[in-house]
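Notes follow once the structure below has been shown.
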Protein chains: 2
Amino acid sequence: MAATAEQRVGFGAFRAEVSLTVEDICRDYFRENRATLKIKKEAVAVPNLAAFVNATLKLSSAVGFDAMSLRDLCSESGLSMGALYAYFSSKDELLTMIQRQGQATVKRILAERIDHIRDPLPRLRVAIRSHLYLSELLHQWFYFFFMETKNLKKQNRTIPIESELYTERIITDILTAGRDEGVFSVENIELTGAVIKAMLQDWYLKRWKYSQRKVTVDEYASFVEGFIESAIVRERAPNGGERP
Amino acid sequence: MAATAEQRVGFGAFRAEVSLTVEDICRDYFRENRATLKIKKEAVAVPNLAAFVNATLKLSSAVGFDAMSLRDLCSESGLSMGALYAYFSSKDELLTMIQRQGQATVKRILAERIDHIRDPLPRLRVAIRSHLYLSELLHQWFYFFFMETKNLKKQNRTIPIESELYTERIITDILTAGRDEGVFSVENIELTGAVIKAMLQDWYLKRWKYSQRKVTVDEYASFVEGFIESAIVRERAPNGGERP
DNA sequence: AAAAATATAGCGAGCGCTCGAAATATTTAT
DNA sequence: ATAAATATTTCGAGCGCTCGCTATATTTTT
């Protein structure tokens with residue numbers, strides 16, 4: 001019961017509320033692409049898609065997408081080469097699917113989380129926490145986005161760039177609103193947004209470091225919040241960095 | 001004359017003072033490994049090593065080290081497969097050489113730059129600027145360090161990890177000294193060091209973004225300095241963020 | 001029995017790497 | 001000084017292997 005209660009705040013609450021699995025993301029993909037997919041039955045397709053995606057994320061985080069062979073991928077998935085090519089017409093399509101579905105999911109959830117919050121300070125806090133929590137929940141996806149961008153074909157190169165700028169834009173829009181309302185003191189909004197983004201990214205790029213030091217995502221989130229606020233918040237209330 | 005004068009401060013001055021070329025780094029490598037290298041004459045070996053290293057950095061920043069074929073590497077270098085294997089016994093040895101020599105060079109220059117500065121605030125400033133300037137000067141090397149770590153064999157995996165922690169340690173040691181002397185107000189030194197490192201890293205990981213926005217390394221350095229100091233410096237002098 | 005899904009053997013291409021010969025530079029002999 | 005002998009460096013075609021991918025046979029579902 002104590003454990004359940006603890007999960008009602010911070011990352012635990014976030015995880016419970018969004019309840020997002022790889023299968024969910026694959027189901028979206030299946031339903032959006034029913035027409036063109038060779039495999040017709042959802043009950044068969046979705047678990048198999050999830051198996052391929054999970055195996056891809058696992059193997060390519062170990063050796064990189066390029067170095068991952070499709071034979072290894074199939075044996076990790078428990079399926080065959082033939083099955084793989086019934087779902088994806090090429091290795092590149094597999095890569096593109098993971099990129100597109102992942103980015104779209106992240107974008108959707110981020111928007112859902114902050115849309116209803118108006119005041120700049122709480123909005124900034126939720127944006128920061130949501131990004132960190134999402135990257136914790138979908139750690140392998142985030143790592144994949146960053147590391148495998150260079151393997152994308154030209155037509156898809158813009159997706160991760162847009163995604164990077166989209167997230168940064170969320171931050172800078174909040175900073176602008178906060179400055180206009182007089183609650184933030186920000187000299188250079190563009191660069192402030194960039195370094196906030198860098199801090200958020202470090203959480204999934206250096207996971208080995210933080211998990212070795214036993215830093216939790218909630219600790220990191222609180223720290224980053226405090227660090228940013230001490231640099232940009234005009235007047236701090238006595239408990240400015242805390243929430244009830 | 002005006003251009004020369006401008007180079008006396010910031011990155012221009014740094015570049016002039018350290019005057020570091022790829023050939024210099026290759027010369028170090030040649031002299032340290034004279035005994036085991038097949039090619040004996042320095043005047044022959046050093047330019048050819050530099051040609052291979054330059055070509056490797058260029059091609060692998062475009063497609064990744066793994067995807068770079070040795071045939072492409074040779075034609076980019078203007079030398080043959082046979083020549084390549086007279087200098088490196090395997091593709092992996094080429095990778096290891098670039099990692100080791102690069103990291104050692106960075107470590108050496110960083111130490112040279114800060115060793116003589118005692119007071120925490122100026123020491124922190126020089127550490128931050130030196131790291132940013134070095135990553136600007138050796139941009140391809142830094143990018144290579146980060147992106148190609150996963151391709152290293154297990155025996156060399158510890159090198160980039162040590163290097164990451166070494167740089168972070170330089171920062172956290174300064175923070176600790178500054179706190180002890182009462183000039184810094186830092187609650188969590190470990191995490192503060194980690195996010196400072198993240199900001200330094202962003203400069204070479206997102207070069208496309210900053211060059212597109214026409215942000216210079218000196219502008220970025222000044223901003224990061226100011227951002228960090230507004231979060232950790234106890235009392236700021238009226239011109240606390242500026243230098244004469 | 002027909003349709004849908006999966007399994008497997010095999011293809012051409014491109015990979016890292018090797019090796020004997022060719023080219024070049026240096027030393028020795030006359 | 002010149003030629004011969006030797007040492008050093010460079011070359012590139014070819015080897016074995018694994019890759020992404022496919023054609024076809026087999027199994028499972030309806």
Side-chain angles (χ1 to χ4, degrees), chain A residues 26 30 33-53 55-56 59-60 62-98 148 150-153 156, chain B residues 26-27 29-30 33-53 55-56 59-60 62-98 148 151-153:
Chain A
C26 291
F30 178 82
N33 299 81
R34 261 222 158 83
T36 56
L37 282 172
K38 218 171 144 187
I39 308 297
K40 302 298 175 192
K41 281 179 288 191
E42 183 173 317
V44 177
V46 172
N48 287 350
L49 282 168
F52 284 128
V53 169
T56 302
L59 294 179
S60 67
V63 299
F65 184 80
D66 247 41
M68 171 194 77
S69 83
L70 297 187
R71 286 164 182 83
D72 286 349
L73 172 64
C74 290
S75 79
E76 175 73 30
S77 316
L79 292 157
S80 69
M81 288 285 284
L84 174 62
Y85 274 84
Y87 289 92
F88 301 99
S89 69
S90 68
K91 191 179 180 184
D92 188 67
E93 191 176 289
L94 170 63
L95 179 94
T96 304
M97 178 273 198
I98 295 177
E148 308 302 345
K150 64 177 179 303
N151 296 111
L152 287 168
K153 301 211 159 161
N156 291 325
Chain B
C26 290
R27 188 171 301 109
Y29 174 72
F30 179 81
N33 298 83
R34 262 222 157 85
T36 56
L37 282 172
K38 218 173 145 189
I39 306 296
K40 302 297 174 193
K41 281 177 285 191
E42 184 173 315
V44 175
V46 172
N48 286 350
L49 282 169
F52 284 128
V53 169
T56 302
L59 294 179
S60 69
V63 299
F65 184 80
D66 249 39
M68 172 193 77
S69 82
L70 297 187
R71 284 165 184 82
D72 286 349
L73 171 63
C74 290
S75 78
E76 175 73 29
S77 317
L79 290 157
S80 69
M81 288 290 284
L84 174 62
Y85 274 83
Y87 290 90
F88 301 100
S89 70
S90 69
K91 191 179 180 182
D92 187 68
E93 192 177 287
L94 169 64
L95 179 97
T96 304
M97 178 273 199
I98 295 176
E148 308 303 344
N151 296 110
L152 288 168
K153 302 214 156 155

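Bear in mind the structure is a predicted one, so any value in this text is a computation, not a measurement. Lettering of chains follows the sequences in order, A, B, ..., and the numbering in each one begins at 1.
The nearest whole Å value for the distance from the NZ atom in B/K38 to the P atom in C/dC17 is 14 Å. Taking atom CG of residue A/L79 and atom P of nucleotide C/dA7, one finds them 6 Å apart after rounding to whole Å. The NZ atom of B/K40 sits 14 Å away from the P atom of D/dA7 (whole-angstrom rounding). In this structure, CG of A/D72 is placed 13 Å from C1' of D/dG20, rounded to the nearest angstrom. Atom CD in B/E42 sits about 16 Å away from atom C1' in D/dT9, given to the nearest Å. The nearest whole Å value for the distance from the CZ atom in A/F88 to the C1' atom in C/dT6 is 16 Å. B/L84 places its CG atom 15 Å from the C1' atom of C/dC19, with the value rounded to the nearest Å. Atom pair B/L37:CG and D/dT10:P shows a separation of 12 Å (rounding to whole Å applied).
Using a 4.0 Å heavy-atom cutoff across all strands shown, A/Y87 reaches sugar-phosphate atoms only and no base atom.
The A/M81 side chain lies nearest to D/dC21 when the options are D/dT9, D/dC21, D/dC11. The A/R71 side chain lies nearest to C/dG10 when the options are C/dG10, C/dG16, C/dA5. When the nucleotides C/dA5, D/dT10, D/dG20 are ranked by their closest atom to the side chain of A/L70, D/dG20 comes out on top. Distance from the side chain of A/S80 is smallest for C/dT6 among the nucleotides D/dG20, C/dT6, D/dT10. Distances from the side chain of A/K41 to the nucleotides D/dG20, D/dT10, D/dT30 place D/dT30 closest.
The aromatic rings of A/F88 and A/F52 stand perpendicular to each other, their planes meeting at an angle above 60°, with 30° marking the opposite boundary.
Sequence order on DNA chain D of the closest nucleotides to B/N48 and A/D66 puts B/N48 first from the 5' end. Between A/S89 and A/S69, the residue anchored nearer the 5' end of DNA chain D, judged by the nucleotide with its closest heavy atom, is A/S69.
Side-chain contact between A/I39 and A/N48 is absent, with no heavy atoms from C-beta onward closer than 4.5 Å.
Separation of atoms OH (A/Y85) and NZ (A/K91) is listed at 8.5 Å; rounding is to 0.5 Å. In this structure, CG on B/L73 lies 9.0 Å from CE on B/M81, to the nearest 0.5 angstrom.
Residue A/K91 places at least one side-chain N or O closer than 4.0 Å to OP1 or OP2 of D/dG20. Put simply, A/Y85 has a side-chain N or O that comes within less than 4.0 Å of OP1 or OP2 on D/dC21.
Other residues, nucleotides and ligands contribute only 12 or fewer heavy atoms inside 6.0 Å of the NZ atom of A/K38.
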